[in-house]
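Protein chains get the first letters and strands the later ones, always in sequence-line order, with residue 1 at the start of each. Here the structure is a predicted model, which is why all the values come from computation and not from measurement.
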Amino acid sequence: MTEKAGYVSVQSQTEENSDEGVYSFAAMEARWPAVWEDLNVFAPLDDGSKERRYVLDMFPYPSGDLHMGHAEAFAMGDVVSRYWRQLGYDVLHPIGWDSFGLPAENAAIKRNAHPSEWTYANIDTQAESFKRYAISVDWSRRLQTSDPEYYRWTQWLFKRFYERGLAYRKDSPVNWCPKDQTVLANEQVVNGACERCGTIVTKKSLNQWYFKITDYADRLLDDMDALQGNWPDRVLAMQRNWIGRSEGAHVKFTVEAAAAQPEMELTVFSTRPDTVFGATFFVVAADAPLVLELVAPEHAEALSEYREQVKALSDIERQATDREKTGVFTGRYAVNPLTGDRLPIWAADYVLADYGTGAVMGVPGHDQRDLDFARAFDLPVRAVVDTGQEDPAVTGVATGGEGTMINSGPLNGLAKAEAVPAAIKLLEDKGAGEKFVNFRLRDWLLSRQRFWGTPIPIIHCADCGEVPVPDDQLPVRLPDNLRGEALSPKGTSPLAAAGDWVNVSCPTCGGAARRDTDTMDTFVDSSWYFLRFVSPQYTEGPFDPAKVNDWMPVGQYVGGVEHAILHLLYARFFTKVIHDMGMLEATEPFSRLLNQGQVLNGGKAMSKSLGNGVDLGQQLDRYGVDAVRLTMVFAGPPEDDVDWADVSPSGSAKFLARAWRLGRDVDSAAGTDPATGDAALRSITHRTVHEAKALLEGHKFNVVIAKLMELVNATRKAIDTGAGAADPAVREAAEAVAVLLSLFAPYTAEDMWNALGHPASVANAGFPTVDQALLVQQSVTAVVQVKGKVRDRLEVSPDITEEELRELALASEAVQKTLDGAGIRTVIVRAPKLVNIVPA
RNA sequence: GCCCCAGUAGCCCAAUGGCAGAGGCAGCAGACUUAAAAUCUGCAAAGUGUCGGUUCGAGUCCGACCUGGGGUACCA
């Protein structure tokens with residue numbers, strides 16, 4: 001597909017030929033994994049003898065074997081992990097599986113099997129592939145969220161949330177996916193469709209479990225300041241948008257009593273309380289239960305018809321912003337608290353039931369939506385801010401900008417910045433309002449009507465109500481006798497069908513009771529797994545309190561930007577709650593976040609329907625693990641997408657072979673003192689190591705590899721046409737290559753290290769130390785510019801003084817010729833690199 | 001509409017405000033070969049999306065715009 005004949009050299013290799021001096025990835029891949037396993041290279045000491053660092057890749061979902069996307073993500077995380085190890089930190093780098101979820105269930109239905117069969121078979125496959133891929137993880141810490149010993153603690157945490165009032169049930173219209181037959185969280189609805197299967201989501205009124213994440217809205221927002229610079233800006237921006245803090249005021253309107261209907265009070269949220277004098281009507285969300293209570297009897301039928309129309313619309317249709325405004329009059333009036341005006345109350349679908357209070361004051365002069373509505377129904381328009389623009393009533397364009405208050409009684413003459421607080425003061429004085437901060441964030445709907453998830457540890461008793469399952473009875477295990485069809489979605493949880501599982505006695509009164517049959521959203525499982533990794537076998541709690549603060553927070557988290565809101569927001573929420581429970585010092589889970597890009601093919605995401613997928617296994621067979629890893633990392637900055645059609649794994653393989661050959665060509669004994677070696681090569685080696693360190697800190701992995709290529713080329717040259725293979729500087733260079741290469745190409749690096757006469761593993765070799773003296777160059781090229789244009793170059797000592805360089809530059813023949821007798825206005829000297837002469 | 005990010009040789013990408021090129025891919029020429037592949041050596045190739053500004057000096061900083069990508073959107 002992208003390769004021509006070039007791959008042949010690295011293809012069809014046998015294990016034997018590595019002894020003949022031929023680079024054979026197959027031989028290396030056969031040789032080293034067992035050695036690494038014996039040495040237990042990647043298990044942290046966890047004894048406090050070294051500073052600890054925690055690096056984590058977002059754990060995978062076990063959908064079949066690993067794919068190109070995993071290969072990229074895990075290559076990136078492994079660079080950080082291996083780099084930190086070389087620097088001498090005690091590194092925790094674990095792996096596990098996010099193994100609950102729908103695909104396993106769907107596969108089980110199809111095959112008349114249990115979801116665990118498919119799940120654990122896939123996990124085994126992926127684990128083998130990860131081992132081949134040589135990720136530097138501690139395999140003894142492996143975990144699966146579908147293991148009872150894991151979800152036991154998910155349930156335990158749920159109970160603690162419940163006790164704190166952070167997990168509760170309520171009736172509410174919820175997002176419903178008709179295909180998957182389950183409810184969805186707001187975060188899982190994308191453009192009105194199910195995030196997973198793309199089916200248009202409908203609304204259903206149901207009693208569901210929620211986490212009260214809205215209690216943490218402020219902290220989730222404010223604590224992002226500390227992440228600034230350490231998380232990608234766009235992720236922070238997306239979370240800020242999602243939380244959607246907006247400052248304004250609550251304004252109370254009195255609804256006039258009507259025949260047989262009592263007086264009521266209605267509150268609206270407005271970001272423009274300064275425009276209260278401009279309110280000429282009042283709108284309530286048509287689908288809010290409130291309107292039914294409000295509507296006058298003679299308007300009830302029209303309202304009912306309108307509500308039916310609204311209900312028939314999908315979210316997508318309803319959210320189209322260019323729709324005509326629709327609505328019906330309710331027959332009731334609200335009194336403007338500041339003007340005393342009677343405002344007709346309308347029901348309309350442009351007001352959303354679940355934002356703010358589900359009602360707005362209509363200020364058509366200064367809000368485009370309100371103006372569109374007013375024009376559609378002939379409602380009056382009153383401008384209360386003079387913005388210098390034309391009258392909105394005439395133009396149909398609402399004036400939203402700054403201006404001076406008019407037609408607003410005591411507010412007249414004020415600018416917006418003064419008018420907003422002044423209006424709030426007026427409202428407060430009348431008891432008709434107050435400053436208010438509104439959030440867009442909704443509570444997290446966590447229950448799902450599916451089988452393959454963590455059971456909610458609650459028992460429903462007719463007498464005692466909701467009764468949590470006692471801690472000593474956790475985990476509430478999933479029944480293992482449901483198979484195939486019994487798992488198919490019916491709109492209620494399949495667990496309800498497991499009679500002997502559902503019917504239990506109430507833990508409190510001992511009477512007949514039923515288990516809650518919903519399971520938790522799988523995002524609950526993944527909201528705390530990073531904590532479990534610090535002590536995955538701990539049996540007294542979700543994690544060992546004596547260990548957790550040694551490792552948390554995660555120093556580097558790596559994963560795709562598709563989790564910018566969902567997983568990352570939920571994990572942050574869990575971390576804060578667990579902190580508040582006194583179990584964790586950290587208030588944020590991940591101090592640094594790296595979003596690796598996607599792997600594309602020909603500019604498009606790989607997909608079955610496009611038929612442009614690239615099989616990871618085939619790439620590994622063809623080019624070797626190291627070449628694929630190197631290609632992923634070398635392709636560009638980690639955040640950028642990698643287009644597999646634009647890169648060259650065979651080029652990577654070629655480079656690896658070149659580097660590897662250095663190790664075999666070195667003709668000096670291990671341990672030889674490099675001090676007497678070729679100075680020029682030593683200087684290059686030390687500069688490369690020095691630069692590599694800075695680049696690695698900045699995640700510029702692709703540039704590190706480019707520098708490594710230079711070092712390899714320079715060493716090759718030294719061997720062939722310079723100092724020769726026996727020069728100690730050549731050994732020093734080759735060893736530096738091996739250690740740096742170990743971050744990207746562990747097999748090749750290990751083999752080189754071995755050829756250089758060192759015992760395994762190169763992963764523990766330690767980052768090469770830099771001799772500062774060797775970074776200083778003998779001479780540097782100073783550029784002499786006249787008016788910004790280069791006119792001469794001078795070879796000068798790196799410690800030349802400004803004055804000396806200035807004299808040299810002015811004496812330059814080329815400069816004199818360019819100046820041609822003209823006087824000099826200024827001379828800028830940046831010793832030792834540059835002089836810029838500005839003529840008069 | 002609003003908010004982010006990115007535009008540098010044919011392509012992927014580098015360049016603390018200081019010589020536009022580090023590296024790779026593709027290309028061309030040469031060496032080796034009976035020949036080819038592989039390997040090695042060398043060469044060529046853009047003035048940095050556009051316009052303006054700041055500066056002695058701008059790919060880099062500022063402003064506007066264009067293009068592409070992503071996010072978000074009757075959010076009151």
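- Set against C56(B), A22(B), U39(B), the side chain of Lys654(A) has U39(B) as its closest nucleotide.
- Between His563(A) and His567(A), the ring-plane angle classifies as perpendicular under the 30° and 60° cut-offs.
- For residues 626-640 of chain A, every residue pair satisfying the side-chain hydrogen bond (donor to acceptor under 3.5 Å, both in side chains) rule, not counting sequence neighbours, is listed here: Asp78(A)-Arg629(A), Asp626(A)-Thr748(A), Thr631(A)-Ser652(A).
- At a cut-off of 3.5 angstrom, the base of C74(B) holds at least one donor-acceptor pair with the side chain of Lys325(A).
- Nearest heavy atoms, Trp231(A) versus Gln239(A): CZ3-NE2, 4.1 Å.
- Ring orientation note: the planes of Tyr570(A) and Trp444(A) are close to parallel, at an angle under 30° on the 30°/60° scale.
- Distance noted for atom C1' between U33(B) and C40(B): 13 Å (whole Å).
- Distance noted for atom P between G49(B) and A6(B): 13 Å (whole Å).
- Among the atoms of the strands shown, base atoms are found under 4.0 Å from some heavy atom of Val360(A).
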- Stepwise, does the side-chain contact (heavy atoms from CB on, under 4.5 Å) test hold for Asp287(A) with Lys311(A)? CA-CA 8 Å; Asp287(A) 52 346; Lys311(A) 222 185 245 175; over 6 Å; no

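- Judged by distance alone, with hydrogens and angles left aside, Asp646(A) brings no side-chain donor or acceptor close enough to the base of C12(B) to form a pair under 3.5 Å.
- Comparing the same atom, P, in A73(B) and in U55(B) gives a spacing of 44 Å after rounding to whole Å.
- For the P atoms, the distance linking U16(B) with C75(B) amounts to 43 Å, nearest Å.
- In this structure G47(B) sits in the syn conformation; its chi angle is within 90° of 0.
- Comparing A9(B) with A37(B), their P atoms are spaced 30 Å from each other, to the whole Å.
- Of the listed nucleotides (A22(B), G70(B), A76(B)), A22(B) has the atom at the smallest distance from the side chain of Val703(A).
- Checked against A14(B), A22(B), A76(B), the side chain of Pro637(A) finds its nearest nucleotide in A14(B).
- Side-chain N/O atoms of Arg793(A) and base N/O atoms of C19(B) include a donor-acceptor pair closer than 3.5 Å.
- If you check C25(B), G18(B), C75(B) against the side chain of Gln785(A), the one that comes closest is G18(B).
- Comparing the same atom, P, in A26(B) and in U41(B) gives a spacing of 16 Å after rounding to whole Å.
- Between the P atoms of A44(B) and C2(B), the separation comes to 48 Å (whole Å).
- Across all strands shown, Arg830(A) has heavy atoms under 4.0 Å from base atoms, whether or not it also approaches the sugar-phosphate.
- Within 4.0 Å of Asn702(A), counting heavy atoms only, lie sugar-phosphate atoms of the nucleic acid but no base atom.
- Tested against Trp346(A) for a side-chain contact (heavy atoms from CB on, under 4.5 Å), the candidates Val284(A), Leu379(A), Thr330(A) yield a single pass: Leu379(A).
- Listed nucleotides: A76(B), G70(B), G18(B). Nearest to the side chain of Leu834(A): G18(B).
- With C19(B), U72(B), G23(B) as the candidates, the nucleotide lying closest to the side chain of Val783(A) is C19(B).
- Looking at the side chain of Thr781(A), the nearest of the listed nucleotides G23(B), C19(B), U72(B) is C19(B).
- Comparing C28(B) with C65(B), their P atoms are spaced 45 Å from each other, to the whole Å.
- Closest to the Lys717(A) side chain, of the nucleotides C13(B), U72(B), G42(B), is G42(B).
- Closest approach to the Met238(A) side chain among G24(B), G18(B), G71(B) is made by G71(B) (side chain taken as heavy atoms from C-beta onward).
- Within the 4.0 angstrom heavy-atom criterion, no nucleotide atom of any strand lies near Thr826(A).
- Residue Arg658(A) places its side chain closer to U41(B) than to any other of A76(B), C5(B), U41(B).
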